[in-house]
Amino acid sequence: MTIARVALPVAAHTAFDYWVPAGLEVGCGQMVRVHLGRRALAGVVVAIGEATEVAGDKLQPVREVIAALPPLPPDVLAMAEFVARYYQEPLGLVLAQMLPPLSAALPRSPVAVAAVALTAEGRAALPLRVARAPRARALLERLQATDGATLGADAIAALTPRARALLRAWLTHGWVAPAIADPMPALPLPPLNADQQTAAAAVVAALSSFAPFLLQGVTGSGKTEVYLAAAAAAIAAGGQVLLLVPEINLTPQLAQRIAAALPGRRTVLLHSRLAGGERRRAWAAAAAGDADLVLGTRLAVFTPLPRLALIVVDEEQDASFKQQDGVRYHGRDVAIWRARQRGVPIVLGSATPSLETLAQAQRGRYGWLKLPRRAVLPAVLPALRFEPGRDPGAVEGLGTALLAAIEARLARGEQALIFINRRGYSPSLLCSACGWQAGCPRCSARLVVHRNDRELRCHHCGHAERLTRACPDCGNVDLMPLGHGTQRLEGALAARFPDARIVRIDRDSTQRKGAFVAMRESVHAGEVDILVGTQMLAKGHDFPRLTLVGVLGADNALYSADFRATERLAALLFQVAGRAGRALLPGEVIVQTDFPAHPLYRALAAHDYDSFAATLLAERRLTGLPPFGHLALLAAEARDRGDVDAFLAAARAAADAVALAAALAVDVYPPVPAGLARRAGLERGQVLVQSAARGPLQRFLPAWREALERLPGRRVRWALDVDPAGFS
Ligand SMILES: [Zn+2]
Ligand SMILES: [Zn+2]
């Protein structure tokens, strides 16, 4: 009897055996439907055998082979096994994470699709089917006539309703699939400068072997052109390219540049906000070797790519590559593993590389490519000034120097950006009479004032309540919003500069689909004078008339308990500062701070990220923190603090026992409450494990996890986080 071992999306570190009915074609990597108890589940076959330990009467059959997706190739299965092993996650959950949703709804109307292209199936099936249907034939000819067999959004909008319905049907059949087309005329790319040429040549020379590169380039140095030159060479040689980006907000701009650089090549998008059907088709196109380039967020790292030739991770330092819930993997680190497994080069691009990557480059393990000069005008980096935020003329935290600088920009018809990494009106509400502060009833956190919506909101659990007029403790009606958020600055600027056109860009103002793109376009079109926003504004957006950047409230993050906070702040500030003066106009950056002598600010003024990174690396070396040590964090939460404490105490004892028994050099720290000790009504705590080398930690973790699974603590929810992004 043939036995299929199936990994199922359940929290169990084991696969399940099923017998294969005659006539069912089942191989490794195939998706199947089975029953676990009475639950019907979809899983992936990870092994085929003849024997099982399951008793005959308990053994169930494979119910169905899911043919909608091709079987996972062996290299992708191996990647899933690596992720499961390294991050201590059940294989079935890892696989479920990697696959596009199966019960995918039909695609939304093609109006929502930016562009479509013929798929290989479409090219094979359609010519026969449309032979006797003149309208369908016309549509097919239209598709075939376009460059890369892609029909752009404008062209789709111009179709007759009947043709659009036909296109929708073809989408459903998978004969056409969402694709990227250049909605604007493709601009010829600027020729590469000498630095860019050297960098691209180094990557191209390494094609067809594992070679990791750090591509470090100051803002505006043209890293993207290097990616695209290397991608063009890889594709021309018959390969596929995987391009990972931190945020899907950045993809429209990037997609345009890809279309211009790779005419006639097929690019597909893969990210979690795609409708299920779109995601499945993009995935299938990549898996079939049909797509030349996959552009996506961290989950795209798992896409099957039979002809993979090059991986690029843009903004490799970005925290969003680390998934913080479910399967806690790091997209960049999995990408590096995959490049090694497939024997292809990987380019990690950044203006402010992560300390992990920088250390590897310094040790000579990664090729280190540098773009020290701006490729765009002006060639000079913006001038930086430090100003105190608290001066007598300050208006709502905006100091006199900054206000004067904004006024000068308005007079010249240039744009100013005010950056504060805090949304809402003010981060807290205080009673000046008795000292009461509005707190979240479910978290150990203050409620944020959202005055536009007359609400107090918790940014940790989503709790919202009406903005109170009077102090609940003493009845005082003179409540004070304390501190500044984007809404408050927006209001202050509007009052001070009544004629200026102001736009606020943060998570609240961009919730509506398409809002962010519309705002960005109006900034580009010169319809905005002042932008106020959070870190959403920091990345990758080139605003040609922006000549002033004001930074507020950065001091708050300087002295955080999280070991990665300063590294992140540095990356953010270098990015924000790099926004000033992108085209022909020189830029200026004003940082309001009470600590202008802090090493971070001095490095920022000198445009010298490396010197600050060296300071941070020296600190990390002293404390044995990454990249000089390796961490795993056990986080636990429960309604009752006593349950959390008891579980973590037992977990620590188990850890000590495991380390002692195997003589492993790992340090187990005592349990501590999490930075946010209570969230959404749950008490939270953690135990940190640290090791100077990865090997002992990786040998320690499976035994510890098994011990944790045996601990009593049904009321406790826990998770292991390997290489945590920080201590939350
Ligand atoms: Zn009060
Ligand atoms: Zn809360």
Side-chain angles (χ1 to χ4, degrees), residues 319-320 322-326 328 396 420-488 504 506-511 533-536 553 556-557 560-562 564-565 568 633-645 647-648 671-686 715-719 721 724-728:
S320 71
K322 178 77 198 286
Q323 179 146 300
Q324 303 285 18
D325 50 17
R328 291 168 166 77
E396 293 283 23
I420 184 162
N421 210 11
R422 237 186 213 153
R423 63 196 172 91
Y425 182 82
S426 76
S428 100
L429 186 66
L430 172 78
C431 170
S432 47
C434 77
W436 168 88
Q437 281 198 29
C440 176
R442 309 173 67 215
C443 304
S444 48
R446 309 230 179 278
L447 289 174
V448 178
V449 181
H450 282 250
R451 216 159 75 166
N452 297 6
D453 303 303
R454 312 212 143 275
E455 274 189 344
L456 288 166
R457 286 188 201 156
C458 176
H459 285 189
H460 298 285
C461 72
H463 167 87
E465 56 188 66
R466 273 185 66 86
L467 189 54
T468 44
R469 281 176 190 283
C471 171
D473 283 4
C474 74
N476 172 24
V477 290
D478 199 16
L479 296 180
M480 255 172 44
L482 208 62
H484 296 90
T486 46
Q487 287 182 10
R488 190 169 191 172
R504 172 169 57 89
D506 56 27
R507 219 194 305 164
D508 300 311
S509 70
T510 54
Q511 265 179 354
T534 59
Q535 60 180 346
M536 286 188 79
N556 292 317
S560 161
D562 189 337
R564 282 192 215 266
R568 275 200 208 115
L633 190 71
L634 170 67
E637 56 183 27
R639 299 245 155 246
D640 191 64
R641 174 54 63 184
D643 286 340
V644 177
D645 291 347
F647 175 83
L648 289 176
V672 288
L676 188 66
R678 198 159 66 96
R679 186 174 67 192
L682 296 173
E683 302 290 336
R684 309 166 75 228
Q686 56 199 28
R715 290 186 295 258
V716 178
R717 222 169 51 188
W718 59 269
D721 193 348
F727 303 147
S728 56

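The first residue in the sequence is number 1, and the count goes up from there. Remember, it's 1-based here, ligands and their atoms both numbered in the order they're listed. What you see is a predicted model; the values in this text were computed from it and never measured.
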Residues that Ser320 engages under side-chain hydrogen bond (donor to acceptor under 3.5 Å, both in side chains), provided they are two or more places apart:
Asp318
Which residues share a side-chain hydrogen bond (donor to acceptor under 3.5 Å, both in side chains) with Arg457, sequence neighbours left out:
His450, Asp453, Glu455
Given the rule in the side-chain contact (heavy atoms from CB on, under 4.5 Å) test, do Leu429 and Leu482 qualify, once you have shown the distances and angles that lead to the verdict?
CA-CA 6 Å; Leu429 186 66; Leu482 208 62; over 6 Å; no
If you compare all heavy atoms of Glu637 against all heavy atoms of Val644, which two are closest, and at what distance to 0.1 Å?
C-CG2, 3.9 Å
Pair Arg641 + Asp645: basic N to acidic O under 4.0 Å:
yes
Taking 2.8 Å as the upper limit, name the protein N, O or S atoms near the Zn ion (ligand 2).
Cys440 SG, Cys443 SG, Cys458 SG, Cys461 SG
Counting only protein N, O or S atoms and ignoring waters, those under 2.8 Å from the Zn ion (ligand 1) are Cys431 SG, Cys434 SG, Cys471 SG, Cys474 SG
Gap separating the CZ atom of Arg423 from the OG1 atom of Thr510, nearest 0.5 angstrom:
9.5 Å
Which one of Arg466, His463, Arg451, Glu465 satisfies the side-chain contact (heavy atoms from CB on, under 4.5 Å) criterion with Leu456?
Glu465
Evaluation steps, side-chain contact (heavy atoms from CB on, under 4.5 Å), between His484 and Arg422
CA-CA 8 Å; His484 296 90; Arg422 237 186 213 153; 5.8 Å; no
Measure from the side-chain N and O atoms of Arg442 to the backbone N and O of Arg678, and report whether any donor-acceptor pair falls under 3.5 Å.
no
